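Just so you know, these numbers come straight off a predicted model, no measurement behind them.
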Amino acid sequence: MANTKPVVAIAGASGYIGQNLIEKLEGRVNIIGLSRNGDKREDTDSVTWRSCDLFSLADAEKGLKGADIAVYLVHSMMPSAKLTQGDFEDMDVILADNFAQAAKKQGIKKLIYLGGIIPDHAPKLSRHLKSRLEVERILRAYGTPVTALRAGLIVGPKGSSFPILAKLVKRLPSMILPKWTRTNTQPVALPDVMNSLGKLTMEEEPQNRSIDIGGPDVMTYRSMMEQTAEIMGKKRYMFNVPFFSVSLSRLWLRLVTQTPKEIVYPLVESLEHEMTVQDSHFVEGISQGSISFREAAAYAMEADNQENKKPTKKKPIITPLKQDVRSVQRVCLPEGCSADWVGRYYVKWLEVFLNPWIKTSTDENLNCKIGFLGNKTSMLELSYSAERSTEDRALYYITGGFLTDRKENERGRMEFRKIPGANEAIIAVHDFTPALPWFIYHYTQANMHLFVMYAFRKHMKKLSEGQASEQVQLYV
């Protein structure tokens, strides 16, 4: 008898949510687990692992091959290269755009995304929530039906948000609480999130919709801290202060909990928003979790305690980090211009901006050379990939120049891509391995690249507003 189980590809399968979703779906579907280190994991009867770097469109296409349904659980808060330049929201644009394009190409029937609750009437969203909404929009940009499950604080072992709160309560006998601790939120237990994701995955008819999910308790962050202290059996003294200081709160949480700033900073900025289930995004049987905060918190802390009691495993062999670079910048895109145009324009602008030190040339196949004091000394050589480029994405492989480590630079590339639904473009350098010693590169070439991109971003803004100089407009 033919196997009729659907094939579900999970991006972020090795993460906190991904591992729990695999446990939830095992036996009901065939799973493709996508992870940057998938080749180091063992396949099982129902789970096939694939190595997949979602910063690569080609990797995303290979990863989704043969899947019917795709689940997107990826966020880019933590750096993925030895040197990462750029904001997490711009990184998320690339990841989501690659995944959405690959889903379209591979005929994915529906795509499920776990994001954050978006308040309907917030005058200004935090960077974190704005990014979650942008990712949702980009995933929908290519026509694949997308169901976005929007959650607030997920209460479970490991994860990000709840462990931070638990560490605060555990480590501080007394706390001065800023204004955000009195903001209402609707925490949801991890098993409730898994139940809803499971239902949406097994749903037969794909639908384009956004669904909020929350537990039975609407409460403040202070009340969550108080209940967490009670579960721990600790007496905590809490004092309210009448102001909301993002900077102080970020520093406070980072120092006390020892959580990386890449996770703490975006989360703190979202704490001023009420994260509660809204009627406009309520779906019966999906939106309402049944597990109380107290029950979920007690289970999460007990699970963490049991994990900490396990014998320490043999330390893994640590291999030297690859000395690679990722740099991602967002620029304005003039009306009617394509990403392919930005790529060609950037090379010409660079020569004007850095005249007389830098000279650039482009051949009939759009391959580029960036030379120092003329074209005889090549700093960087960019080979245009016609088969991987479109009007909305121009891809150049970094193939030479004395600034490039030719031996180690296997996947180095530079791309220009239009953000779907916006007059903006992303300029990104991926997997670039410099020839300079790392310390020298870090304080010279890396900073020079940031300076050039800052100037180009300002120029593109002026160009979009019709204020650019006549000298550079000659290249339009």
Side-chain angles (χ1 to χ4, degrees), residues 16-17 75 77 114-133 148-169 175 177-194 196 210-231 236 238 240-246 249-250 252-253 257 259 263-283 286-301:
Y16 161 61
I17 299 294
H75 300 308
M77 288 182 181
L114 179 62
I117 290 179
I118 309 296
D120 278 339
H121 305 295
K124 183 180 179 181
L125 291 176
S126 69
R127 291 170 58 212
H128 182 245
L129 293 183
K130 189 176 179 181
S131 175
R132 298 283 73 75
L133 188 60
L149 186 65
R150 298 173 172 179
L153 188 149
I154 298 176
V155 184
K158 301 181 182 179
S160 55
S161 300
F162 178 72
I164 291 175
L165 183 144
K167 286 176 184 176
L168 279 178
V169 174
M175 288 177 274
L177 303 182
K179 191 176 179 180
W180 60 260
T181 59
R182 296 180 303 277
T183 303
N184 277 334
T185 188
Q186 194 165 352
V188 59
L190 177 64
D192 284 333
V193 175
M194 293 302 105
S196 293
S210 300
I211 305 172
D212 289 352
I213 180 173
D217 305 311
V218 175
M219 57 203 307
T220 66
Y221 289 94
R222 173 172 178 150
S223 58
M224 283 194 286
M225 291 179 185
E226 290 171 341
Q227 288 196 26
T228 301
E230 291 174 10
I231 296 167
R236 292 293 180 253
M238 303 179 189
N240 291 336
V241 291
F243 54 82
F244 181 97
S245 172
V246 172
S249 294
R250 292 190 308 194
W252 173 47
L253 289 173
T257 65
T259 304
I263 293 177
V264 169
Y265 285 14
L267 292 177
V268 169
E269 292 167 8
S270 302
L271 295 176
E272 64 179 308
H273 298 301
E274 285 205 355
M275 306 281 279
T276 58
V277 173
Q278 297 155 106
D279 292 341
S280 56
H281 297 291
F282 179 89
V283 173
I286 301 292
S287 293
Q288 64 272 49
S290 60
I291 302 172
S292 69
F293 172 79
R294 182 180 290 273
E295 183 182 350
Y299 168 77
M301 287 185 284

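Interatomic distance, CD1 of I231 versus CD of E295, reported as 10.0 Å (0.5 Å rounding). Distance check, rounded to the nearest 0.5 Å: CZ of R132 to NE2 of H75 gives 4.5 Å. Of the inter-residue distances, the one linking I164 atom CD1 with L153 atom CG reads 9.0 Å to the nearest 0.5 angstrom. Here F162 contributes atom CZ and I154 contributes atom CD1; the two are 13.0 Å apart, rounded to the nearest 0.5 Å. Taken from CG in L133 to CZ in R150, the straight-line distance is 6.0 Å, to the nearest 0.5 Å. The CG atom of L177 lies 5.5 Å from the CZ atom of R222; values are rounded to the nearest 0.5 Å.
Closest of all the heavy-atom pairs between A296 and A189 is CB-CB, 3.6 Å. Of all heavy-atom pairs between P157 and A300, the closest is N-CB, 3.5 Å. When all heavy atoms of I17 and M194 are compared, the closest pair comes out as CG2-CE, 3.6 Å. Closest of all the heavy-atom pairs between D217 and F293 is OD2-N, 2.8 Å. Between P216 and G289, the closest heavy-atom pair is CD-O, 3.4 Å.
Residues L125 and P119 have side chains in contact (heavy-atom distance under 4.5 Å, counting atoms from C-beta outward). Contact check for L168 versus T228: no side-chain heavy atoms found under the 4.5 Å cut-off. A heavy-atom distance below 4.5 Å is not found between the side chains of R236 and M225.
Within a 6.0 Å radius of NZ in K167, more than 12 heavy atoms belonging to other residues, nucleotides or ligands are found. Within 6.0 Å of CG in D120 there are more than 12 heavy atoms belonging to other residues, nucleotides or ligands.
Under the 3.5 Å distance criterion, the side-chain polar atoms of S196 are left unmatched by any main-chain donor or acceptor of V193. At least one donor-acceptor pair under 3.5 Å links the side chain of H281 to the backbone N or O of S210. Side-chain N or O atoms of D192 include one that pairs as donor or acceptor with a backbone N or O of I291 at under 3.5 Å. Side-chain atoms of S287 come within 3.5 Å of backbone N or O of V283 as a donor-acceptor pair.
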Are Y299 and L190 close enough, and set up right, to give a side chain to side chain contact (heavy atoms under 4.5 Å, CB included), and what steps lead you there? CA-CA 10 Å; Y299 168 77; L190 177 64; 5.9 Å; no

Given T185 and T220, is the side chain to side chain contact (heavy atoms under 4.5 Å, CB included) satisfied, shown in steps? CA-CA 6 Å; T185 188; T220 66; over 6 Å; no

Would you please test V188 and V277 for side chain to side chain contact (heavy atoms under 4.5 Å, CB included) and show each step? CA-CA 10 Å; V188 59; V277 173; over 6 Å; no

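None of I117, I118, L129 except one satisfies the side chain to side chain contact (heavy atoms under 4.5 Å, CB included) rule with H273; the exception is L129. The one candidate from Q186, E226, Q227 that meets the side chain to side chain contact (heavy atoms under 4.5 Å, CB included) condition with M219 is Q227.
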